[in-house]
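One structure is given below, encoded as structure tokens.
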Amino acid sequence: MAYVITQRCCNDASCIAECPVDCIRPTPGQPEFATAEMLHIDPETCIDCGACVDACPVGAVFSIEDLSASLQRYSEINADYFVRHPLEPEFTPPVVTPRIPKELGTLRVAIVGAGPAACYAADALLRRGDTQVELFDRLPTPWGLVRAGVAPDHAGTKSVTSMFETAFRRDTLQYYLNVEIGNHLTHDELLRHHHAVIYAAGASTDRRMDLPGEDLPGSHSATEFVAWYNGHPDFADRDFDLSGERAVIVGNGNVALDVARVLTMDPAELARTDIAEHALNALRDSRIREVVVLGRRGPLQAAYTSPEFLALAHLDGVDVVVESADIELDQIGSAVLADPALEPSVRLKYTLAQEYATAPRRPGNKRIVFRYLVSPTQVLGERRVTGLRFAHNVLTDSAGRVSAEATERTGEIAAGLVLRSVGYRGAPIPELPFDERRGVVPNHEGRVIDSAGAPLTGVYVSGWIKRGARGVIGSNRVDAEQTVQHLIADFLQGELATPHADREALRELVLSRQPQMVDRDGWKAIDTAEQAVGDSTGRPRVKFTTRDDLTAAARGTDLAVR
């Protein structure tokens with residue numbers, strides 16, 4: 001009986017190396033991997049050994065006979081991938097970073113950021129020999145968007161952190177949490193204490209729509225809302241008006257679907273997750289009954305992945321609503337669907353939309369409504385949001401690139417809450433060059449470059465600040481390996497400057513600037529305290545959501561959850 005990969009896969013690709021018959025695709029480093037929604041197991045080749053089950057960091061692999069009702073369709077999804085991409089031997093050699101010879105001494109690297117991109121880079125470095133890594137983050141907690149961005153009901157995806165915890169147990173990696181580079185330490189000070197610095201700061205800001213009324217009370221970014229319900233200390237005090245019956249989300253990527261799901265889920269279900277306590281209380285009092293998700297292009301071009309779209313069908317007490325007229329294909333859409341080269345995952349998006357359009361509506365259920373080919377033109381309201389005005393779009397095709405073009409036909413929808421989910425964007429990093437148009441630090445395969453294209457000695461990037469806000473958690477693994485490969489090559493060639501001070505001097509300097517620094521023991525104390533409160537309430541953890549509470553927990557102070 002073959003194994004199946006499900007929607008909880010984060011494309012970490014740990015399973016691929018463990019498969020003795022090489023039947024998992026796509027392969028890291030190949031073009032298909034960059035845009036893959038998930039990994040797939042070929043049922044005709046799988047020998048049912050189970051090696052992939054143990055290798056998966058997020059519990060995404062199941063035997064076909066063990067699939068639950070909500071996961072049954074993944075048997076078909078895995079098989080369909082190999083209809084489009086027949087399994088052939090993979091001869092592309094993996095990226096192998098050379099080990100550091102002992103005679104060169106210890107390589108010391110600072111990594112700014114503590115999310116997946118940073119952690120994969122740290123892991124890659126620690127596996128290459130005599131290396132010391134300092135992990136810096138402005139928050140008192142590690143894991144970045146795994147902690148503050150992944151939806152609370154996706155616990156499997158969050159379990160990737162256990163892999164990092166295991167890799168980081170030794171003192172070769174030290175935590176410097178609650179330390180902000182550019183405030184407590186400068187870029188030059190990092191370089192003086194290390195051979196190199198990797199910036200893996202992510203994409204911390206959101207894109208704007210630049211529409212009239214966008215700044216009205218009741219209009220927010222999905223970035224803020226996600227950070228709020230995940231307990232990010234910078235957003236814990238935000239206030240979202242959930243007193244209206246309808247919310248509108250502009251954009252239909254996976255973040256938009258996360259938000260729609262959280263707004264409509266039974267709070268009793270959310271109460272079994274690690275959602276922030278303040279958000280759980282607010283959602284218990286919410287009057288929202290309908291969430292409308294707007295996409296500027298058609299159902300075949302929707303930004304969400306088919307696994308996330310499919311998962312909505314299994315929400316208790318929620319109907320997924322698609323109007324048949326909204327998914328009628330014009331000439332361009334019909335041509336896309338008829339293309340024999342169309343990826344199965346894209347075809348599945350349209351099939352699912354058709355199924356939702358014909359599914360029965362159940363009285364009393366909440367609703368997630370999908371609208372396609374619409375673009376917002378104005379957020380309506382005077383003192384606060386009352387709705388959204390939009391234009392209907394048509395598809396255009398320019399040299400095979402399908403885009404949306406607004407028409408003169410318009411419409412309006414009433415809503416008390418408007419959330420824009422139109423993408424993340426990187427923010428400038430002090431003392432580093434920055435590409436304002438792309439929202440990234442200019443680089444060549446991870447080496448930071450100046451305006452003339454020359455590499456800056458000892459300065460590297462990884463993750464979204466390197467490539468832009470795209471890809472899933474595991475996409476950062478291959479990305480980090482590339483950056484680390486170049487860093488170590490530069491070290492082996494003697495191109496990195498020797499640190500001027502040792503680890504103890506760095507710790508003394510940091511503590512002199514930031515006495516509230518959280519180290520490994522401090523993070524362990526926070527983690528233990530949050531899980532202890534969670535155990536007492538039947539939840540995986542209850543997060544502390546203010547810096548004061550987090551730093552107090554790091555010191556071992558008993559706290560009541562706020």
task = Taking Gln174 for its side chain and Leu135 for its backbone only, find out whether a donor-acceptor pair lies under 3.5 Å.
result = no

key: Heavy-atom pair with the smallest gap, counting every atom of Ser159 and Pro57   = OG-O, 3.0 Å

ask   = Can you tell me how far the CD atom of Glu37 sits from the OG atom of Ser345, to the nearest 0.5 Å?
value = 4.0 Å

message = For the backbone of Arg547 and the side chain of Thr551, can you confirm whether one donor and one acceptor N or O come within less than 3.5 Å of each other?
response = yes

ask   = Can you find a heavy atom in the side chain of Leu417 that is under 4.5 Å from one in the side chain of Val248?
value = no

ask   = For atom CD of Glu408, is the number of surrounding heavy atoms from other residues, nucleotides or ligands below 6.0 Å larger than 12?
value = no

request  = Report yes if the side chains of Phe235 and Tyr229 come closer than 4.5 Å at any heavy-atom pair, otherwise no.
outcome  = no

ask   = What do the steps show when you test Lys524 against Asp527 for salt bridge (Lys or Arg N to Asp or Glu O under 4.0 Å), and what is the final call?
value = CA-CA 5 Å; Lys524 185 176 180 179; Asp527 190 35; over 6 Å; no

request  = Determine the minimum heavy-atom distance between Gly463 and Asn476, stating which atoms define it.
outcome  = CA-OD1, 3.4 Å

task = If a pair satisfies salt bridge (charged side-chain N to carboxylate O under 4.0 Å, His left out) and one of its residues is in residues 460-474, list it, with sequence neighbours excluded.
result = Lys466-Asp479, Arg467-Asp479

message = Testing the basics here: between Ile526 and Ala554, what is the closest heavy-atom pair and its distance to 0.1 Å?
response = CG1-N, 3.7 Å

inquiry  = If only side-chain N and O atoms count, and only distance matters, is there a donor-acceptor pair under 3.5 Å linking Tyr176 with Asp137?
reply    = no

task = Apply side-chain contact (heavy atoms from CB on, under 4.5 Å) to the pair Thr407 and Asn393, showing each step before the final yes or no.
result = CA-CA 5 Å; Thr407 69; Asn393 298 333; 5.8 Å; no

message = Once rounded to the nearest 0.5 Å, what's the spacing between atom CG of Leu373 and atom CD of Glu405?
response = 12.0 Å

ask   = Can you tell me if His193 and Glu134 form a side-chain donor-acceptor pair at under 3.5 Å?
value = no

message = We want to know whether Ser162 and Glu165 form a side-chain donor-acceptor pair, criterion being a heavy-atom distance below 3.5 angstrom.
response = no

ask   = Can you tell me how far the CG atom of Leu177 sits from the CH2 atom of Trp523, to the nearest 0.5 Å?
value = 8.5 Å

note = Tightest non-hydrogen contact, residues Leu300 and Val346, listed as O-CG1, 3.4 Å

Member of Glu180, Glu189, Glu508 meeting the side-chain hydrogen bond (donor to acceptor under 3.5 Å, both in side chains) criterion with Arg513 = Glu189

inquiry  = For Asp274 and Lys158: C-alpha separation, side-chain torsions, deciding distance, then whether salt bridge (Lys or Arg N to Asp or Glu O under 4.0 Å) applies.
reply    = CA-CA 10 Å; Asp274 67 351; Lys158 297 187 180 192; 2.8 Å; yes

message = So Leu348 and Glu343, do their side chains get closer than 4.5 Å, heavy atoms only?
response = no

task = Show your reasoning for whether side-chain contact (heavy atoms from CB on, under 4.5 Å) applies to His194 and Val109.
result = CA-CA 5 Å; His194 301 88; Val109 180; 5.6 Å; no

key: Test item: Asp234 and Arg138 side chains (from C-beta on) under 4.5 Å apart, heavy atoms   = yes

query = Taking atom CZ of Arg503 and atom CD of Gln132, what is their separation to the nearest 0.5 Å?
reply = 4.0 Å

ask   = Do Thr106 and Thr131 pass the side-chain contact (heavy atoms from CB on, under 4.5 Å) test, and can you show the C-alpha distance, the side-chain angles, and the key distance before you say yes or no?
value = CA-CA 5 Å; Thr106 301; Thr131 309; 5.8 Å; no

request  = Would you tell me whether Glu495 and Thr457 have side-chain atoms, one donor and one acceptor, within less than 3.5 Å of each other?
outcome  = no

ask   = Donor-acceptor pair, Thr410 side chain versus Phe390 backbone, under 3.5 Å?
value = no

ask   = Is the backbone N or O of His232 less than 3.5 Å from a side-chain atom of Asn230, with the two atoms forming a donor-acceptor pair by type?
value = no

request  = First locate atom CD1 of Ile465, then atom CG of Asp435, and finally report the distance between them rounded to the nearest 0.5 Å.
outcome  = 10.0 Å

task = Report yes or no: does Gln514 contribute a side-chain atom to a donor-acceptor pair with the main-chain N or O of Leu511 at less than 3.5 Å?
result = no

message = Any heavy-atom pair between the side chains of Ser221 and Arg208 that's under 4.5 Å?
response = no

Nearest-0.5 Å distance, CZ of residue Arg520 to CZ of residue Arg170 = 10.0 Å

inquiry  = Could you check whether any side-chain heavy atom of Pro142 comes within less than 4.5 Å of a side-chain heavy atom of Arg147, counting everything from C-beta outward?
reply    = no

key: Sub-6.0 Å ring centroid separation between Tyr199 and Phe136   = no

key: Of Val112, Val461, Leu125, the residue whose pairing with Ile198 passes side-chain contact (heavy atoms from CB on, under 4.5 Å)   = Leu125

Carboxylate-amine/guanidinium contact Asp123 Arg128, below 4.0 Å = no

query = Side chains of Asn252 and Leu294: does their closest heavy-atom pair fall under 4.5 Å?
reply = no

ask   = Where does the angle between the aromatic ring planes of His195 and Phe491 fall among parallel (under 30°), tilted (30 to 60°) and perpendicular (over 60°)?
value = perpendicular

task = Report yes or no: does Asn443 contribute a side-chain atom to a donor-acceptor pair with the main-chain N or O of Arg447 at less than 3.5 Å?
result = no

query = Is a side-chain N or O of Glu481 found less than 3.5 angstrom from the main chain of Arg477, in a donor-acceptor match?
reply = no

query = Within the side chain of Ser475, is there an N or O that forms a donor-acceptor pair under 3.5 Å with the backbone of Val472?
reply = yes

request  = Apply salt bridge (Lys or Arg N to Asp or Glu O under 4.0 Å) to Arg507 and Asp519, showing your working.
outcome  = CA-CA 10 Å; Arg507 183 178 177 86; Asp519 58 12; 3.2 Å; yes

Worked verdict on Thr396 versus Val402 for side-chain contact (heavy atoms from CB on, under 4.5 Å) = CA-CA 6 Å; Thr396 61; Val402 177; over 6 Å; no

key: For the student: nearest non-hydrogen atoms of Cys15 and Ile5, plus distance   = SG-CD1, 4.5 Å

inquiry  = Donor-acceptor check, side chain of Arg25 to backbone of Glu88, threshold 3.5 angstrom: yes or no?
reply    = yes

ask   = Are the side chain of Gln516 and the backbone of Asn178 linked by a donor-acceptor contact shorter than 3.5 Å?
value = no

query = How are the rings of Tyr372 and Phe370 set to each other: parallel, tilted or perpendicular (split at 30° and 60°)?
reply = parallel

ask   = Which pair of heavy atoms, one from Arg84 and one from Ala341, lies closest together, and at what distance?
value = NE-O, 2.8 Å

inquiry  = Given His220, which partner from the list Phe225, Trp228, Phe240 fulfils the side-chain contact (heavy atoms from CB on, under 4.5 Å) test?
reply    = Phe240

request  = Report yes if the side chains of Asp206 and Arg420 come closer than 4.5 Å at any heavy-atom pair, otherwise no.
outcome  = yes

